[in-house]
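Within every chain, numbering begins at 1; the chains are lettered A, B, ... in the order of the sequence lines, protein sequences first and strands thereafter.
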Number of protein chains: 2
Amino acid sequence: MAQRLFVAHGFDRTSVDDIAVAAGISRRTFFRYFPTKADVCFADSPAELARLREGLSAADPRESYRPAVVRAVTAALRFPPGEREWALQRAQLVLGVPVLQAHATQVYAQWRAAAAEFARGRQPGDDVFPVVVGHAVLAATLAAHEYWITHPAGDLEDALAQMLDLLLPPEPPPT
Amino acid sequence: MAQRLFVAHGFDRTSVDDIAVAAGISRRTFFRYFPTKADVCFADSPAELARLREGLSAADPRESYRPAVVRAVTAALRFPPGEREWALQRAQLVLGVPVLQAHATQVYAQWRAAAAEFARGRQPGDDVFPVVVGHAVLAATLAAHEYWITHPAGDLEDALAQMLDLLLPPEPPPT
DNA sequence: GCAGGTTATGGCACTCTGTGCCAGAAGTGG
DNA sequence: CCACTTCTGGCACAGAGTGCCATAACCTGC
């Protein structure tokens, strides 16, 4: 509901009062549901993060790590076909509005942490590998979304797989 | 000067009034020098960005792109030895304080854009390569800083080179 | 040194976000 | 119906950031 206002009038020109009035609640109540105006656009993020963690921890330890990451990430960000427009609109907002780009860093940090933790389990004792994998997963996710909003005819999932293939580092030999 | 206050009392617990009083200026004047409280920590960013662009555009077009990027990035972020503590402190702030992480996205976007523009010049007609290189350069820069603040004994420059080597995609064959 | 204009500074009032506190409405179980 | 919990709204507040205007500091040329 609020997302529609953001798209129609711009995020910055939509005040919390506007949203509250449109939603038929008070300003104070809005802040009980969403800690921040920007959080309206990140309502699905906890679920996506949970799916990512789930997909990573479900991976077969004997399988090499790259296909496992590709599968977990694409599954975590999959959406039902009916929500395609909705997801695209949200991606345009998050990647295009500075305040939302900024707010997204908190979500990104959790993605990085999840990927890094998985990588640490694959290469115990290696301090570099988890950091690189964390940033690679995040960079690929962002790159895929960036590519998607400029080429909306294609599928996000394909872009994700392609970007991950280009950005994930090779698996170092076990120590 | 303000950075010292941030380190001593925390970024959030330091108000603009505090900074203004410590600097002997008025609150209003502070906002003339820095559009935002967070911008205090990004005073060097325009110069770093300029050095990055410069280094990239100075690269020999016959050289493959990866070493050119490594040279440009490491040169852009090089600092005199006397500023090492200062730079490390700033990195800890920017990577550790949520508000600063968030504000940094604006700077990151410019880095990505500079790297992407360079990559576009190397692979005209390829829509994927610039996006990937932009995100790879940024991811490697962040990964290097993240590694550096947890292993401050090493050199940032070495970490940058290592991360870029792991994250930069291979150069696709010319079309 | 002085009148001219330009630039830097300070103060004031305002909007907006986000928060703490408290009062009252709404729902729930006995 | 009553007690208890939960949801909601209003109010006041702090802090960031901005627009406006008055004034102080700094050059100019004369």
Seminar exercise, completed: In B/S/- notation (B base, S sugar-phosphate only, - none; protein heavy atoms under 4.0 Å), nucleotides 5-16 of chain D written 5' to 3' is ---BBBB----B
According to salt bridge (Lys or Arg N to Asp or Glu O under 4.0 Å), who are the partners of [X], at least two apart in sequence or on a separate chain?
X	value
B:D44	B:R90
A:R66	A:D165
A:R78	A:E157
A:R53	none

Problem set entry | Whether A:F129 and A:Y65 hold their rings parallel, tilted or perpendicular, with breakpoints at 30° and 60° |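 Correct class here is perpendicular.
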Could you write out each protein N or O paired with an N or O of nucleotides 23-26 of chain D at a distance under 3.5 Å?
none

By side chain to side chain contact (heavy atoms under 4.5 Å, CB included), which residues pair with [X], not counting sequence neighbours?
X	result
B:A20	B:I25
B:Q101	A:T105, A:Q106
B:S15	B:D17, B:D18

For this session: Identify the 5'-most and 3'-most nucleotides of DNA chain C with at least one atom closer than 4.0 Å to a non-hydrogen atom of chain A.
Result: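 Using the under 4.0 Å cut-off, the span is C:dT17 to C:dC21.
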Exercise. Going by the side-chain hydrogen bond (donor to acceptor under 3.5 Å, both in side chains) test, which pairs reach into residues 132-145 of chain A, not counting sequence neighbours?
Worked result: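 Sorted pair list: A:H135-B:E146.
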Exercise. Taking the hydrophobic residues Ile, Leu, Val, Met, Phe, Trp and Tyr, and joining any pair whose side-chain heavy atoms are under 4.5 Å apart, which ones share a cluster with B:L167?
Worked result: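 Members besides B:L167, by chain and number: A:V128, A:V131, A:V132, B:Y147, B:M163, B:L166.
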